[in-house]
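What follows is a short report on a single structure.
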Amino acid sequence: MIQLLPVVIIITVKKIIVSIFISITSIVFLSLTSSRYAFSTSGCDEDCTKCHKLTSQEASDVLKSINIADAIIQNIQISPLKGLWEISIEKEGKKGILYVDFSKKYVVGGPIIEIKTAINETAERLPAPPVKIIPHSKIPIKDALIFGDKRAVKKAILFTDTD
């Protein structure tokens with residue numbers, strides 16, 4: 001019985017040391033991943049451009065690497081989501097936004113939506129598509145598929161392909 005006592009004490013001390021190590025590691029991890037330091041362990045202040053840069057040439061190289069080299073870069077700025085660059089592009093008359101992370105390893109496409117307000121931040125930055133107004137008299141309907149009474153006072157025209 002006397003010989004078992006030191007073994008039990010050693011096992012208990014190891015458990016305490018492991019518990020302390022796990023606690024300290026958890027505290028350090030949580031402090032580094034708070035919202036202020038979500039993308040940087042060095043503690044960037046609110047102006048990410050002090051530490052991070054994305055030149056037009058680097059953005060162009062990113063576009064080439066994902067096979068959209070013929071897109072024209074309109075603007076480069078910090079995105080609403082920390083840790084990403086926002087690249088506004090135009091290709092074949094259509095505008096779009098891509099996001100590149102600060103490490104320049106990943107490209108993200110798609111909307112960034114703020115959860116609290118449900119605002120699509122990406123759509124807010126894109127110009128509204130042009131509205132094309134054509135008088136009814138200019139719309140050719142001789143070959144149209146017509147439902148209902150042809151002599152109706154009110155008519156609706158539905159397009160499935162505007163081009």
Side-chain angles (χ1 to χ4, degrees), residues 17-145 147 154-163:
I17 291 171
V18 168
S19 296
I20 291 171
F21 177 75
I22 290 172
S23 298
I24 290 172
T25 304
S26 298
I27 290 169
V28 169
F29 177 76
L30 289 173
S31 69
L32 291 177
T33 58
S34 68
S35 62
R36 182 174 173 200
Y37 301 108
F39 295 96
S40 172
T41 57
S42 64
C44 289
D45 61 8
E46 295 301 314
D47 184 9
C48 294
T49 59
K50 288 182 181 178
C51 302
H52 306 281
K53 305 281 182 227
L54 181 68
T55 66
S56 292
Q57 183 59 49
E58 289 171 321
S60 181
D61 291 344
V62 166
L63 295 178
K64 285 178 190 172
S65 70
I66 59 171
N67 297 321
I68 53 173
D70 54 341
I72 299 167
I73 297 171
Q74 300 290 317
N75 189 31
I76 300 171
Q77 65 185 20
I78 297 290
S79 80
L81 182 62
K82 270 187 131 181
L84 296 176
W85 288 102
E86 178 180 294
I87 304 174
S88 301
I89 61 170
E90 183 176 339
K91 181 178 177 182
E92 298 172 359
K94 296 180 182 174
K95 296 183 185 255
I97 294 178
L98 293 173
Y99 301 98
V100 175
D101 73 312
F102 282 173
S103 70
K104 300 168 192 136
K105 290 182 182 178
Y106 301 98
V107 174
V108 180
I112 292 179
I113 300 170
E114 185 178 345
I115 294 172
K116 281 185 180 179
T117 61
I119 292 175
N120 182 336
E121 297 282 343
T122 304
E124 292 285 320
R125 291 172 168 5
L126 288 172
V131 177
K132 205 179 213 183
I133 299 175
I134 301 171
H136 289 107
S137 61
K138 299 283 184 182
I139 300 172
I141 59 170
K142 70 175 184 144
D143 295 327
L145 181 60
F147 293 99
K154 295 185 180 184
K155 298 177 182 177
I157 300 174
L158 173 67
F159 295 94
T160 57
D161 185 0
T162 59
D163 289 333

Which heavy atom of [X] sits nearest a heavy atom of [Y], and at what distance?
X      : Y      : value
Leu84  : Asp101 : CD2-CA, 3.6 Å
Ile112 : Pro80  : CD1-CD, 4.4 Å
Ile97  : Arg125 : CD1-CB, 3.7 Å
Pro127 : Lys95  : CG-CD, 3.4 Å
Ala59  : Ile76  : CB-CD1, 3.6 Å

Quiz item: Regarding Asn120 and Glu124, is there a side-chain donor-to-acceptor distance under 3.5 Å anywhere?
Solution: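 No pair is found: no donor N or O on one side chain lies under 3.5 Å from an acceptor on the other.
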
Quiz item: What residues form a side-chain hydrogen bond (donor to acceptor under 3.5 Å, both in side chains) with Glu92, not counting sequence neighbours?
Solution: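 Checked Glu92 against side-chain hydrogen bond (donor to acceptor under 3.5 Å, both in side chains); zero matches.
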
Exercise. Identify, with sequence neighbours excluded, every residue that meets side-chain hydrogen bond (donor to acceptor under 3.5 Å, both in side chains) alongside Thr55.
Key: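 By the side-chain hydrogen bond (donor to acceptor under 3.5 Å, both in side chains) rule, Thr55 matches Glu58.
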
[atom1]/[X] to [atom2]/[Y] distance, rounded to the nearest 0.5 angstrom?
X     : Y     : atom1 : atom2 : value
Leu54 : Ile73 : CG    : CD1   : 8.0 Å
Gln77 : Glu86 : CD    : CD    : 4.5 Å
Ile72 : Ser60 : CD1   : OG    : 11.0 Å
Asn75 : Ile87 : CG    : CD1   : 10.0 Å

Quiz item: Testing Phe102, Tyr99, Tyr106 for ring-ring contact (aromatic ring centres under 6.0 Å, His included) with Trp85, which one passes?
Solution: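 Passing option: Phe102.
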
Self-check item: Beyond-backbone contact of Leu98 with Leu63, side-chain heavy atoms, under 4.5 angstrom
Solution: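 The answer is yes; the side chains approach within 4.5 Å.
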
Quiz item: Do Leu81 and Val108 come within less than 4.5 Å of each other through their side chains, counting heavy atoms only?
Solution: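 The answer is no, as the side chains (C-beta and beyond) never meet within the 4.5 Å cut-off.
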
Self-check item: For Lys64, all residues meeting salt bridge (Lys or Arg N to Asp or Glu O under 4.0 Å), sequence neighbours excluded
Solution: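 Lys64 satisfies salt bridge (Lys or Arg N to Asp or Glu O under 4.0 Å) with no residue once adjacent residues are dropped.
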
